[in-house]
Amino acid sequence: MDSENTTTEKNWKHSLLYLIFIISILHLTNQTNFSRKLILGNETVRIKKNPELPLRFRSDGTFKILQVADMHYGNGITRCRDVLASEFEFCSDLNTTQFLKRVIEKESPDFLAFTDNIFGSSSPDAAESMFKAFGPAMESGLPWAAILGNHDQESTLNREELMTLISLMDYSVSQINPSADSLTDSATGRMISKIDGFGNYNLRVYGAPGSMLANNSVLNLFFLDSGDRVVYQGIRTYGWIKDSQLQWLRHVSRELQGQETDATYPIKTPALAFFHIPIPEIRQLFYKEIIGQFQEGVACSRVNSAVLQTFVSMGDVKAVFIGHDHTNDFCGKLDEIWFCYGGGIGYHGYGKAGWPRRARIIQAELQKGKKSWTNVQRIMTWKRLDDEKMSKIDEQVLWDRLLSR
């Protein structure tokens, strides 16, 4: 009898815990904007909508990325900065939203990459601001990914919570962080227990449908968390990409190259990298030939963590896309790798009156083989301005396989 009572009591406790768990999940999911409704009893559950995966080149052999840099979104009605006096009265975050929608409609990208998103001090509710900022991306149904800038965490959520939220939004393919398994510190030789930051991940873009490489990734996208603000040796400075992140990146690059080597097409798969805060070497481009405008000093960390040297040693990164310095919109080459600013899309972020907000487009193009599309042959970029004509400027080739041999 005692045994039966104990069993009954255990079952009752398990049932109660399960009921509490279900009610908690229903409550939490009902508080978000995750779309697709599911009715369970009287409760409405909203489930994340996923994009069509894997990421893939189009049947015309192209894959187009829209980089959305420095939105600095506030609460949805936050006023604009650095616009003409004639524009100020009716200018707000909604101008940022409208511009993003116009670019998506004009360019029809396959993928959106966000680098720096909300302006925390102008966002009383970080989650609400995030949903408004990424609204056009979710409404488009396109796959998108984001990394954090240096202002995102200044509101009501920390960086881990922000990346968790972003990863759960409709059509987002963002990830919180990878595992540190089998990684060692290059300086000490010790095992790395945790990868610094939140939002370090890689995405693979597969070949065109029906092509010989339809089941192979032919382009890799690396996303890195460059941090926010820190005190280093008693001096306040911007964050930087840490050694644990670079060790992970090297590991992923080696692993991907090993998986993607094809006997028919034994060619190293090119990669693009995205992060927010520029590296110190970007300053050197003031004295070199660039395409675009260099209008302000490079606001980077005092620490040089050998990001450029890491990219060079990896050999697959062909171009890097950054933000942070809103009125810089140039591309310049360092050690045969292009570094490109997004130019700043957000109206609540600082800018320059009379200088239109802008967004960067990146397009990868496949090489046409005898029977089908093969590997990536060329990577191009240009910018769209938020003017009456949605002007297209500074079109250039970043990398061409035939010219790089």
Side-chain angles (χ1 to χ4, degrees), residues 49-68 100-114 136-145 171-173 202-223 256 260-262 264-274 291 316-319 321 331 338 340 342 358-385 389-405:
K49 288 183 179 178
N50 289 309
E52 186 176 338
L53 294 174
L55 299 178
R56 183 178 297 283
F57 275 75
R58 301 180 192 182
S59 56
D60 68 357
T62 64
F63 185 79
K64 186 185 291 185
I65 301 170
L66 167 58
Q67 182 196 5
V68 184
L100 179 52
K101 288 181 176 180
R102 290 176 68 206
V103 180
I104 292 172
E105 183 179 357
K106 184 74 174 180
E107 288 288 352
S108 297
D110 301 292
F111 177 75
L112 284 72
F114 291 87
M138 292 188 284
E139 290 168 12
S140 73
L142 296 167
W144 61 276
Y171 303 108
S172 170
V173 291
N202 65 285
L203 299 173
R204 303 169 70 173
V205 186
Y206 285 72
S211 70
M212 297 177 67
L213 297 178
N215 296 321
N216 295 66
S217 58
V218 294
L219 178 68
N220 294 316
L221 308 177
F222 298 137
F223 296 84
L256 288 173
E260 292 159 1
T261 301
D262 184 274
T264 310
Y265 295 97
I267 299 173
K268 182 170 282 194
T269 301
L272 306 176
F274 296 84
I291 297 175
D316 53 355
V317 175
K318 306 305 176 185
F321 301 93
C331 288
W338 284 94
C340 297
R358 57 206 59 210
R360 181 170 292 282
I361 314 298
I362 306 122
Q363 180 165 285
E365 301 172 356
L366 298 177
Q367 185 173 358
K368 188 70 172 178
K370 292 180 180 180
K371 296 182 179 179
S372 71
W373 296 109
T374 59
N375 298 92
V376 175
Q377 177 179 321
R378 181 168 45 247
I379 299 170
M380 303 181 64
T381 188
W382 59 88
K383 289 165 292 197
R384 287 285 182 183
L385 306 186
K389 297 180 180 179
M390 286 285 287
S391 301
K392 180 180 181 179
I393 65 169
D394 295 338
E395 185 172 5
Q396 67 179 107
V397 175
L398 296 174
W399 179 76
D400 191 307
R401 187 183 298 278
L402 300 179
L403 299 178
S404 63
R405 290 177 177 174

Next on the checklist: Rounded to the nearest 0.5 Å, what separates atom CD in Glu365 from atom CG in Asp60?
Outcome noted: 9.0 Å
Checklist entry - If only atom types and distance count, is the side chain of Arg56 paired as donor or acceptor with the main-chain N or O of Gly207 below 3.5 Å? => result yes
Checklist entry - Can any side-chain N or O of Arg384 pair as donor or acceptor with the backbone N or O of Met390 at less than 3.5 Å? => result yes
Checklist entry - Under 4.5 Å between any side-chain heavy atoms of Asn220 and Asn202, yes or no? => result no
Item to check | Closest non-hydrogen atom pair, Ser59 against Ala208 | outcome: CA-CB, 4.5 Å
Item to check | CD (Glu105) with more than 12 external heavy atoms under 6.0 Å | outcome: no
Item to check | Check against side chain to side chain contact (heavy atoms under 4.5 Å, CB included), Leu256 and Asp316 | outcome: CA-CA 10 Å; Leu256 288 173; Asp316 53 355; over 6 Å; no
Item to check | Gap separating the CG atom of Asn375 from the NZ atom of Lys268, nearest 0.5 angstrom | outcome: 13.5 Å
Checklist entry - Does Trp338 reach the main-chain N or O of Leu398 with its side chain, forming a donor-acceptor pair under 3.5 Å? => result yes
Item to check | Side-chain ion pair, Asp110 and Lys64, N-O less than 4.0 Å | outcome: no
Checklist entry - Where does the angle between the aromatic ring planes of Phe274 and Phe223 fall among parallel (under 30°), tilted (30 to 60°) and perpendicular (over 60°)? => result parallel
Item to check | Pairwise side-chain contact, Leu366 with Val376, heavy-atom cut-off 4.5 Å (strictly under) | outcome: yes
Item to check | Within-4.5 Å side-chain heavy-atom neighbours: Glu139 and Lys101 | outcome: yes
Checklist entry - Can you check whether Cys340 reaches Gln67 side chain to side chain, under 4.5 Å on heavy atoms? => result no
Item to check | Sidechain-backbone polar pair: Thr381 side chain, Ile361 backbone, donor-acceptor under 3.5 Å | outcome: yes
Checklist entry - When rounded to the nearest 0.5 angstrom, what is the spacing between CH2 in Trp144 and CG in Leu112? => result 9.0 Å
Checklist entry - At their closest point, which heavy atom of Trp382 faces which heavy atom of Glu107, and how far apart are they? => result NE1-OE2, 2.8 Å
Item to check | Side chains of Trp373 and Lys368 in contact at under 4.5 Å (non-hydrogen atoms) | outcome: yes
Next on the checklist: One thing to verify: whether Asp394 and Lys383 come together as a salt bridge, which I'm taking to mean a side-chain N less than 4.0 angstrom from a carboxylate O.
Outcome noted: yes
Checklist entry - Checking side-chain contact (heavy atoms from CB on, under 4.5 Å) against Ser140, which of Leu66, Leu100, Ile104 comes through? => result Ile104
Checklist entry - Would the number of heavy atoms belonging to other residues, nucleotides or ligands and lying under 6.0 Å from NZ of Lys392 be above 12? => result yes
Item to check | CD-CZ distance between Gln363 and Arg58, expressed to the nearest 0.5 angstrom | outcome: 7.0 Å
Checklist entry - With respect to Pro109, which candidate in Leu142, Ile362, Val103 satisfies the side-chain contact (heavy atoms from CB on, under 4.5 Å) definition? => result Leu142
Next on the checklist: Main chain of Met212, side chain of Ser372: is a donor-acceptor contact present, judged purely on distance under 3.5 Å?
Outcome noted: yes
Checklist outcome for this item: To the nearest 0.5 Å, atom CZ of Arg378 lies from atom OG1 of Thr62 at 11.5 Å
Item to check | Option among Tyr206, Phe111, Phe63 that satisfies the ring-ring contact (aromatic ring centres under 6.0 Å, His included) test with Phe57 | outcome: Phe63
Next on the checklist: Nearest 0.5 angstrom please: Leu219 CG to Lys318 NZ, how far?
Outcome noted: 11.5 Å
